[in-house]
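Sharing a structure here in structure tokens format.
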Number of protein chains: 2
Amino acid sequence: MSETIEQKCLSKGVKLTDQRKIIAKVMSDSQDHPDVNELYLRVTKLDSKISIATVYRTVKLFEEAGIIAKHDFKGGKARYEEVSESHHDHLIDVNTGEIIEFVDDEIEFLQKKVAEKYGYSLVDHKLELYGIKKKS
Amino acid sequence: MSETIEQKCLSKGVKLTDQRKIIAKVMSDSQDHPDVNELYLRVTKLDSKISIATVYRTVKLFEEAGIIAKHDFKGGKARYEEVSESHHDHLIDVNTGEIIEFVDDEIEFLQKKVAEKYGYSLVDHKLELYGIKKKS
DNA sequence: GTAGATGCAAAGTATTTGCGACAAG
DNA sequence: CTTGTCGCAAATACTTTGCATCTAC
């Protein structure tokens with residue numbers, strides 16, 4: 001891990017309140033992709049007085065600062081994860097909800113090529129694969 | 001166009017009410033990716049008595065029958081389009097909101113390969129590219 | 001005739017916001 | 001100090017649902 005969320009806040013001029021420190025810690029410790037309510041549950045274990053409004057405000061802030069990433073997987077709720085060094089996409093098990101992170105350079109390259117073909121510069125992309133586990 | 005939405009309803013045993021016929025027509029005539037409210041506006045131009053609840057119920061029904069596709073592009077609202085012969089993905093202009101549909105067989109193939117690699121059968125996927133138009 | 005569809009309004013979710021109190025820089 | 005943040009509750013946006021009525025098959 002190169003830079004902690006707290007460090008990123010400082011370098012981006014985001015004021016570090018107690019609540020934000022706790023939310024930052026919870027995000028860092030999360031290996032999954034929690035939604036706001038799940039985040040709220042984890043956060044209130046560390047400080048029971050934090051309100052869900054603050055969690056909403058903070059994830060939005062962190063997202064706009066490029067510190068965490070927002071996903072809209074099927075299910076209606078926004079889910080978040082810390083932005084890491086390496087970009088990756090998601091393979092979602094439609095039965096269990098389990099999420100596998102993967103990288104495929106070839107696909108990345110082809111995406112850029114498609115955008116170019118239509119006269120665009122790629123600024124962002126979203127790739128989600130939904131699958132069912134094969135019996136082995 | 002091989003089969004109309006109405007024909008698909010019949011072959012899937014979906015009862016064809018007047019409201020559904022109108023919603024089917026509006027979907028067929030739409031070349032864009034309307035959200036439910038936009039759909040409601042278009043539908044009520046043809047029959048002002050259709051309620052938005054029926055539009056919600058109908059798009060859900062059509063989606064479950066595989067007749068139309070639901071997308072969750074950035075913006076929070078679900079958006080729909082008729083399912084056509086050819087599968088395609090979307091390139092979205094982040095400035096104008098314009099949506100370009102594209103197909104890239106190589107990417108399709110690689111997606112399947114990624115899923116296999118992790119022991120999964122691909123049942124669905126979502127690929128969205130977000131770009132800005134290059135000055136030419 | 002009957003199971004399923006509709007319209008309406010009320011109820012759910014997910015998320016945002018106004019405001020007075022409070023805290024970081 | 002002063003600007004921005006927090007907690008609370010009310011507000012908003014999108015979507016679903018209970019119920020009495022109506023309609024396609």
Side-chain angles (χ1 to χ4, degrees), chain A residues 5-27 33-65 67-80, chain B residues 5-27 33-65 67-80:
Chain A
I5 293 182
E6 287 199 20
Q7 289 170 332
K8 287 183 186 171
C9 285
L10 288 174
S11 65
K12 306 207 181 206
V14 170
K15 198 182 275 187
L16 262 179
T17 64
D18 289 346
Q19 292 87 335
R20 290 182 184 168
K21 284 181 194 162
I22 290 178
I23 295 169
K25 171 165 175 41
V26 169
M27 282 300 319
H33 304 71
D35 60 37
V36 172
N37 195 58
E38 178 57 37
L39 225 36
Y40 175 62
L41 294 177
R42 294 180 194 178
V43 158
T44 47
K45 273 188 198 156
L46 302 180
D47 178 348
S48 62
K49 289 185 307 305
I50 294 180
S51 78
I52 196 157
T54 296
V55 178
Y56 271 106
R57 280 192 273 238
T58 303
V59 290
K60 193 174 190 181
L61 178 77
F62 283 1
E63 195 216 340
E64 283 164 357
I67 296 172
I68 65 177
K70 177 182 181 179
H71 300 294
D72 296 287
F73 301 142
K74 310 213 172 199
K77 317 182 196 192
R79 298 171 59 173
Y80 295 87
Chain B
I5 293 182
E6 287 198 18
Q7 289 171 331
K8 287 184 186 170
C9 285
L10 288 173
S11 66
K12 306 206 182 208
V14 169
K15 199 182 276 187
L16 261 179
T17 63
D18 290 344
Q19 292 87 334
R20 290 183 184 168
K21 284 181 194 161
I22 290 178
I23 294 169
K25 171 164 177 42
V26 168
M27 282 300 320
H33 304 70
D35 59 38
V36 171
N37 194 59
E38 176 58 36
L39 224 37
Y40 175 63
L41 293 176
R42 295 181 194 176
V43 158
T44 46
K45 272 188 198 155
L46 301 181
D47 179 349
S48 62
K49 288 186 306 306
I50 295 181
S51 78
I52 197 160
T54 297
V55 179
Y56 271 105
R57 281 191 274 238
T58 304
V59 290
K60 193 175 192 181
L61 179 76
F62 283 0
E63 195 216 341
E64 283 165 357
I67 295 173
I68 65 178
K70 177 181 181 180
H71 300 294
D72 296 287
F73 300 142
K74 310 210 172 198
K77 317 182 194 189
R79 299 172 59 173
Y80 295 86

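Because only heavy atoms are used, hydrogens play no part in the values below, and waters and symmetry mates are left out as well, while side chains stay in.
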Nearest whole Å is fine: how far is D:dC8 P from A:Ile50 CD1?
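It is 11 Å, rounded to the nearest whole Å.
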Side-chain N or O of A:Lys77 versus OP1/OP2 of C:dA14: is the shortest distance under 4.0 Å?
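Yes, such a contact exists.
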Find the distance B:Ile52:CD1 to C:dG7:C1' and express it as a whole number of Å.
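Taking CD1 of B:Ile52 and C1' of C:dG7, I get 13 Å after rounding.
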Between C:dT15 atom C1' and A:Leu61 atom CG, what is the distance in whole Å?
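Taking CG of A:Leu61 and C1' of C:dT15, I get 16 Å after rounding.
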Using a heavy-atom cut-off of 4.0 Å across all strands, would you classify B:Leu16 as base, sugar-phosphate, or nothing?
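Sugar-phosphate, backbone atoms only, no base.
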Roughly, in whole Å, what's the span from NZ in A:Lys49 to C1' in C:dA21?
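Spelled out: NZ on A:Lys49 to C1' on C:dA21 is 15 Å.
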Which comes earlier along DNA chain D counting from the 5' end, the contact point of B:Tyr56 or that of B:Lys21, where each point is its nearest nucleotide?
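The residue mapped nearer the 5' terminus is B:Tyr56.
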Enter the distance from A:Lys70:NZ to A:Glu64:CD here, rounded to the nearest 0.5 Å.
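The NZ atom of A:Lys70 sits 9.5 Å away from the CD atom of A:Glu64.
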Please check: side-chain N/O of B:Ser11 versus main-chain N/O of B:Lys8, any donor-acceptor pairing under 3.5 Å?
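Between the backbone of B:Lys8 and the side chain of B:Ser11 there is a qualifying donor-acceptor contact (under 3.5 Å).
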Answer with base, sugar-phosphate or nothing: what part of the nucleic acid does A:Arg57 contact at a heavy-atom distance below 4.0 Å?
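It contacts base atoms.
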A:Lys77 side chain to A:Asp35 main-chain N or O, any donor-acceptor pair under 3.5 Å?
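Here the side-chain-to-backbone pair does not exist.
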Hey, does the side chain of B:Gln19 come within less than 4.0 Å of D:dA24's phosphate (OP1/OP2), counting only N and O?
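No, no such contact exists.
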What is the distance, rounded to the nearest whole Å, between atom NZ of B:Lys15 and atom P of C:dT2?
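Rounded to whole Å, this separation is 13 Å.
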Return the 5'-most residue of the pair B:Ala53, A:Asp72 with respect to DNA chain C, ranking by each residue's nearest nucleotide.
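Its nearest nucleotide lies further toward 5', so the answer is B:Ala53.
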Between D:dA24 atom P and B:Ile22 atom CD1, what is the distance in whole Å?
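So the two atoms are 12 Å apart, to the nearest Å.
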If you assign B:Asp35 and B:Val14 each to the DNA chain D nucleotide with the nearest heavy atom, which residue ends up on the more 5' nucleotide?
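Comparing both residues, the 5'-ward one is B:Asp35.
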Applying a 4.0 Å non-hydrogen cut-off, can you work out what B:Asp18 is touching in the nucleic acid: base, sugar-phosphate, or nothing?
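Result for B:Asp18 = sugar-phosphate.
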What nucleotide among D:dC6, C:dG7, D:dG4 has an atom nearest to a side-chain atom of B:Thr54?
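For the B:Thr54 side chain, the nearest candidate turns out to be C:dG7.
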Could you walk me through whether A:Glu38 and A:Arg79 pass the side chain to side chain contact (heavy atoms under 4.5 Å, CB included) check?
CA-CA 9 Å; A:Glu38 178 57 37; A:Arg79 298 171 59 173; over 6 Å; no
According to a strict under-4.0 Å criterion, is B:Thr17 in side-chain N/O contact with OP1 or OP2 of C:dT6?
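Yes.
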To the nearest Å, give me how far apart OH (A:Tyr40) and P (C:dT15) are.
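The distance from OH of A:Tyr40 to P of C:dT15 comes to 15 Å, rounded to the nearest Å.
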Do B:Asp18 and B:Asp47 have side chains that approach each other closer than 4.5 Å (heavy atoms only, starting at C-beta)?
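No, their side chains stay 4.5 Å or more apart.
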How many Å lie between CZ on A:Arg20 and C1' on D:dT5, as a whole number?
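Rounded to whole Å, this separation is 6 Å.
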Would you please confirm or rule out a distance under 4.0 Å between OP1 or OP2 of C:dT15 and any side-chain N or O of A:Lys60?
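For C:dT15, neither OP1 nor OP2 has a side-chain N or O of A:Lys60 closer than 4.0 Å.
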